[in-house]
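Working notes for the structure below.
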Amino acid sequence: MIDLPESPAPRSTSEIASFHAHIYYDRETTRLEAERLRTWIDERFSVTLGRWHDVKVGPHDQAMFQVAFAADVFPVLVPWLMLNHGRLSILVHPNTTNPRRDHLADPFWIGPQLAVHGEKLPEESPIEQAPLPNTRVAAEILARPVTRKERRFSQLTMDQLDEKQKPLGEQIMKVSSIGIAGPYNPMLRSPVLGQRLFDLFHYLRWETSVPTKLIEFAILIVGRQWRSQVEWHAHAPLAAKAGLSSEIIAELKAGKRPPSMAEDEAVVYDFVTELTTAKKISDPTFARAKKLFSDQQIVDLTAVAGNYVMVAMMLAMAEETVPAGKEPPFKDKGVYS
C-alpha cells in the first residue's frame, strides 16, 4: 500500500465572498449574441451587469462584460448559462483574497477556454462582496409590496419592565439614541445576558484602545455587510460626528470600497472585511495592521467586529427595524435585513 503524502486542510467555501462571470464576445461576429444573452440575464436574474468592454481590459484577452453575483444566485444562474451561452465563452470564478488564483487556478469555463493574463492580477487583494443588483428582475423584486406581520418581539416600554429588566433599561436610556428599541428590545428578554452585553458595548464604544472614528467605521462595515437597518441608522451619524468623512460613508453605503481613505481607515476596512468574509486575516493585511496599531488595538478591533456581527444577528433574528417615521437606509433588501 502506498502512503499518500500529507496534504493541507481543505479550504472552506466561506472564503468565497461572491462570484464573477466574464462573458466574452467578438465585436464583429458575436456581439449581437452577447447583447441577447445580456438581455435574457437582465430579465431573469438578480445580478449586477457590468459595462461593455469592446477592447481588451485587465487580464482579459477579448471583449467582454462582467456579471457579478452573490453565492445564492450561483445554483440558478450558472446552469442556465451552461445551456444558453451559444457560441460565447464564459469564465466563472470565485472572489477571495487572491484574484490571480481566482482567475487562473480555481475558475471554470463554459464554452471554449480563452487566454487570461495572470501577470496583470495581484496575489493579495481585499475581498470583493457582491455589489447591489441592477437588473430588471432585481428592480421588480424590490418593487413588490412588503407584507406586514406581527412583530416577533413586541416593543417594550419602561413601564413594562420588571425588577430584573428595569436597572438595565435605565442604563440603556442614558446612552441610546433609539431608547430601548433596536437590539435592546430582544436583549431585555434575557436581562442577565443583556447586562453582560451592555457592559461589553460600553467598553468597545467608549473605553477601547482604538480611536472612536475607526470604531464607528468598523461598525458601519459590519452593518453594511449585513444590510442592518438599525446598525446603519444608529451609527452613521456617530461615525460622521467622530470625523469619518461623508464621502467614505456614502461609498460604503453604496457597497463600494471607499477610494479616498487615510492609511489607518484603509487598514481597518481591509482588516474587518477580510476577517468577517474570508474568516481569516492574510499576512500582508496583518503586517499593515501591526505597523499602525498596538497589539491591544488589534485585539480590540477584532472584538468590535465580532460584537457587531452579533448585534446584527440579534437584529435580524428579532426583525427589528428603524424607529417609526424614519426611513430605512437600505432599499436593496427587505425592511428587516
Side-chain angles (χ1 to χ4, degrees), residues 11-23 37-51 64-85 90-99 101-103 106-110 121 125-144 146 220-229 231-232 251-258 269-270 272-280 305 308-309 312-313 315-317 319 328-337:
R11 294 167 62 194
S12 169
T13 55
S14 63
E15 293 184 34
I16 301 174
S18 61
F19 289 91
H20 286 170
H22 298 282
I23 299 179
L37 184 63
R38 185 183 175 96
T39 298
W40 286 350
I41 294 171
D42 187 33
E43 294 171 343
R44 289 165 172 79
F45 300 100
S46 183
V47 300
T48 304
L49 295 173
R51 299 189 303 274
M64 67 93 190
F65 67 89
Q66 175 183 283
V67 181
F69 54 98
D72 59 359
V73 179
F74 186 101
V76 290
L77 172 63
V78 172
W80 185 89
L81 290 174
M82 291 175 175
L83 299 178
N84 293 284
H85 68 96
I90 304 176
L91 171 68
V92 180
H93 70 80
N95 288 315
T96 70
T97 57
N98 190 323
R101 182 180 62 199
D102 295 341
H103 285 75
D106 299 335
F108 65 88
W109 285 87
I110 300 173
L121 292 164
S125 178
I127 203 162
E128 182 175 339
Q129 299 291 327
L132 304 184
N134 62 4
T135 51
R136 275 183 270 175
V137 69
E140 291 173 1
I141 291 172
L142 293 176
R144 294 171 187 166
V146 178
L220 288 187
I221 293 167
V222 172
R224 184 60 186 89
Q225 289 173 353
W226 279 77
R227 293 179 173 86
S228 180
Q229 310 285 17
E231 276 189 335
W232 192 276
E251 292 286 340
L252 182 61
K253 185 179 179 183
K256 302 175 183 177
R257 185 182 190 275
Y269 180 90
D270 294 339
V272 171
T273 301
E274 284 187 23
L275 188 59
T276 52
T277 56
K279 310 300 188 293
K280 65 178 183 179
Y308 281 90
V309 168
M313 293 174 70
L315 291 163
M317 174 278 295
E319 293 190 339
F330 302 122
K331 309 298 192 298
D332 50 318
K333 295 191 77 174
V335 171
Y336 300 112
S337 58

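Keep in mind it's a predicted model, so treat the numbers as computed, not measured. Residue numbers start at 1 and run along the sequence shown.
Qualifying side chain to side chain contact (heavy atoms under 4.5 Å, CB included) partners for T135, counting only residues two or more places apart in sequence or in other chains: D42, V47, L49, V137, A138. In terms of the salt bridge (charged side-chain N to carboxylate O under 4.0 Å, His left out) criterion, residue partners of E15 (sequence neighbours excluded) are, by chain and number, R11, R101. Not counting sequence neighbours, the partners of T277 by the side chain to side chain contact (heavy atoms under 4.5 Å, CB included) test are I127, Q129, Q225, T273. Under the side-chain hydrogen bond (donor to acceptor under 3.5 Å, both in side chains) criterion, H85 pairs with no residue at all, not counting sequence neighbours. Annotation: salt bridge (charged side-chain N to carboxylate O under 4.0 Å, His left out) contacts of R257 (sequence neighbours excluded): D270. With sequence neighbours excluded, the residues satisfying side chain to side chain contact (heavy atoms under 4.5 Å, CB included) with I16 are F19, P94, T96. Here Y269 pairs with nothing under the ring pair (Phe, Tyr, Trp, His ring centres under 6.0 Å) rule; sequence neighbours left out. With sequence neighbours excluded, no residue satisfies ring pair (Phe, Tyr, Trp, His ring centres under 6.0 Å) with W40. In this view, R51 satisfies the salt bridge (charged side-chain N to carboxylate O under 4.0 Å, His left out) rule with no residue, not counting sequence neighbours. In this structure D102 satisfies the salt bridge (charged side-chain N to carboxylate O under 4.0 Å, His left out) test with no other residue, sequence neighbours excluded. Every residue two or more places apart in sequence or in another chain was checked for a side-chain hydrogen bond (donor to acceptor under 3.5 Å, both in side chains) with S125, and none qualifies.
Here NZ of K279 is found 12.0 Å from CD of E274. Values are rounded to the nearest 0.5 Å. Rounding to the nearest 0.5 Å gives a distance of 8.5 Å between NE2 of H93 and OG of S18. Distance check, rounded to the nearest 0.5 Å: CD of E251 to NZ of K256 gives 5.0 Å. Here L220 contributes atom CG and L252 contributes atom CG; the two are 6.0 Å apart, rounded to the nearest 0.5 Å. The distance from the OG atom of S228 to the CZ atom of F330 is 7.5 Å, given to the nearest 0.5 Å. In this structure, K253 NZ and L132 CG are separated by 11.0 Å, a value rounded to the nearest 0.5 Å.
In this structure, M313 places its CE atom where only 12 or fewer heavy-atom neighbours from other residues, nucleotides or ligands lie under 6.0 Å away.
Of all the heavy atoms in R224 and A254, the pair that sits closest is NH2-C, 4.2 Å. Taking every heavy atom of both residues into account, P107 and L91 meet most closely at CB-CD1, 3.4 Å. In this structure, A305 and V222 approach most closely via the heavy-atom pair O-CG2, 3.9 Å. In terms of heavy atoms, A312 sits closest to E231 at N-OE2, 3.5 Å. In terms of heavy-atom proximity, T97 sits nearest to A278 at CG2-CB, 4.1 Å. Between P99 and H103, the shortest heavy-atom distance links the atoms O-ND1, 2.8 Å.
The aromatic rings of F45 and W80 stand perpendicular to each other, their planes meeting at an angle above 60°, with 30° marking the opposite boundary.
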task: Carefully, step by step, assess I41 and I23 under the rule side chain to side chain contact (heavy atoms under 4.5 Å, CB included).
output: CA-CA 11 Å; I41 294 171; I23 299 179; 3.8 Å; yes
- prompt: Is there a side chain to side chain contact (heavy atoms under 4.5 Å, CB included) between T276 and Y308 once you walk through the steps?
  reply: CA-CA 11 Å; T276 52; Y308 281 90; over 6 Å; no
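For the pair V67 and L77, the minimum side-chain heavy-atom distance is below 4.5 Å.
The list of side chain to side chain donor-acceptor pair (under 3.5 Å) pairs with a residue in residues 64-79, not counting sequence neighbours, reads H20-Q66.
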